[in-house]
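Data block below; observations after.
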Amino acid sequence: MSSPMNMPVIGKDALGREVKDLTKVPWWGVDRKEINWYPSIDHDKCAGCGLCFITCGRRVFDWDEKLSKPVVAQPYNCMVGCQTCANLCPTSAISFPDVSEMKKLVAKNNVVKKSFEKIAPLIHCDTPLDDEQTESNFNK
């Protein structure tokens with residue numbers, strides 16, 4: 001499985017930090033390009049302040065010189081579940097799919113159980129959770 005450490009660098013973000021191509025890194029075993037989680041910009045609402053462009057450390061946004069506004073250029077580099085750009089947007093021009101779709105994906109792919117299995121050694125928990133404890137309401 002690919003890891004972020006060995007992915008090629010696709011450039012630098014607005015603050016000069018190196019950004020890797022994360023499109024080939026699966027999310028809990030799911031091909032990232034099968035997950036509809038990335039921002040959309042309503043350019044009629046967008047003020048062109050650039051806060052999303054500057055804030056996103058994954059280079060999801062590029063700057064369109066003609067529009068003088070950000071555009072979503074690397075959608076699958078977006079961290080699944082992140083909505084920081086939308087939360088910070090002063091004009092509410094950025095939106096994401098309904099979070100209930102993500103919760104269904106979490107349930108379908110047993111992400112809670114997988115997450116607990118990874119964190120258990122770190123929190124010194126020797127008792128694994130059973131399936132009922134890690135099932136989502138979306139599974140019931």
Just by modelled atom types, is the K24 backbone N or O under 3.5 Å from a matching donor or acceptor in the R32 side chain? no

According to a hydrophobic-cluster definition based on side-chain heavy atoms being under 4.5 Å apart (Ile, Leu, Val, Met, Phe, Trp, Tyr only), do V106 and V80 belong together? yes

Restricting to ring-ring contact (aromatic ring centres under 6.0 Å, His included), what partner residues turn up for W27, sequence neighbours left out? none

State whether the side chain of D64 and the backbone N or O of V71 hold a donor-acceptor pair below 3.5 Å, judged by distance alone. no

Within the 4.5 Å heavy-atom criterion, are C85 and T55 side-chain neighbours or not? no

Considering non-hydrogen atoms only, spot the tightest contact between C78 and F96 and give its length. SG-CE2, 3.8 Å

CA sep, side-chain torsions, deciding dist, call: F61, D13, side-chain contact (heavy atoms from CB on, under 4.5 Å): CA-CA 9 Å; F61 302 96; D13 69 8; over 6 Å; no

Within the structure provided, determine whether P75 and W37 are in side-chain contact (heavy-atom separation under 4.5 Å). no

Are the side chains of I54 and L15 in contact, using a 4.5 Å heavy-atom criterion? yes

Can you tell me which residue pairs pass the salt bridge (Lys or Arg N to Asp or Glu O under 4.0 Å) test with a partner in residues 37-50, sequence neighbours excluded? none

Indicate the atoms forming the closest heavy-atom contact of P90 with L51, along with that distance. CD-CD2, 4.5 Å

Non-hydrogen atoms of V72 and P39 that approach each other most closely: CG2-O, 3.3 Å

Validation row: N36, E101 side chains within 4.5 angstrom (heavy atoms): no

Nearest heavy-atom pair of N77 and T23: which atoms, and what distance? OD1-N, 3.6 Å

Examine distances only and state if a side-chain atom of N110 and a backbone atom of K113 form a donor-acceptor pair shorter than 3.5 Å. no

Donor-acceptor pair, side chain of N109 and main chain of V111, under 3.5 angstrom: no

Does a sphere of radius 6.0 Å around CD1 in I119 hold more than 12 heavy atoms from other residues, nucleotides or ligands, not counting ones at 6.0 Å or beyond? no

Verify the cluster assignment for V19 and V60: are they in a single hydrophobic cluster under the rule of side-chain heavy atoms below 4.5 Å apart? no

Donor-acceptor under 3.5 Å (R59 side chain, Q74 main chain): no

Beyond-backbone contact of C89 with C52, side-chain heavy atoms, under 4.5 angstrom: no

Check whether any side-chain N or O of D21 sits under 3.5 Å from a backbone N or O of I10 as a donor-acceptor pair, and report yes or no. no

In this structure, are over 12 heavy atoms from other groups packed under 6.0 Å from M102 atom CE? yes

Expected output: side-chain K69 to main-chain H43 donor-acceptor under 3.5 Å: yes

Go through the structure and list residues passing side-chain hydrogen bond (donor to acceptor under 3.5 Å, both in side chains) with D98, not counting sequence neighbours. S100

Would a line drawn from the ring center of Y38 to the ring center of Y76 be shorter than 6.0 Å? yes

Under the 3.5 angstrom rule, does the side chain of K114 hit a backbone N or O of W28 as a donor-acceptor pair? yes

Nearest heavy-atom approach of W63 to G48 is CH2-O, 3.4 Å

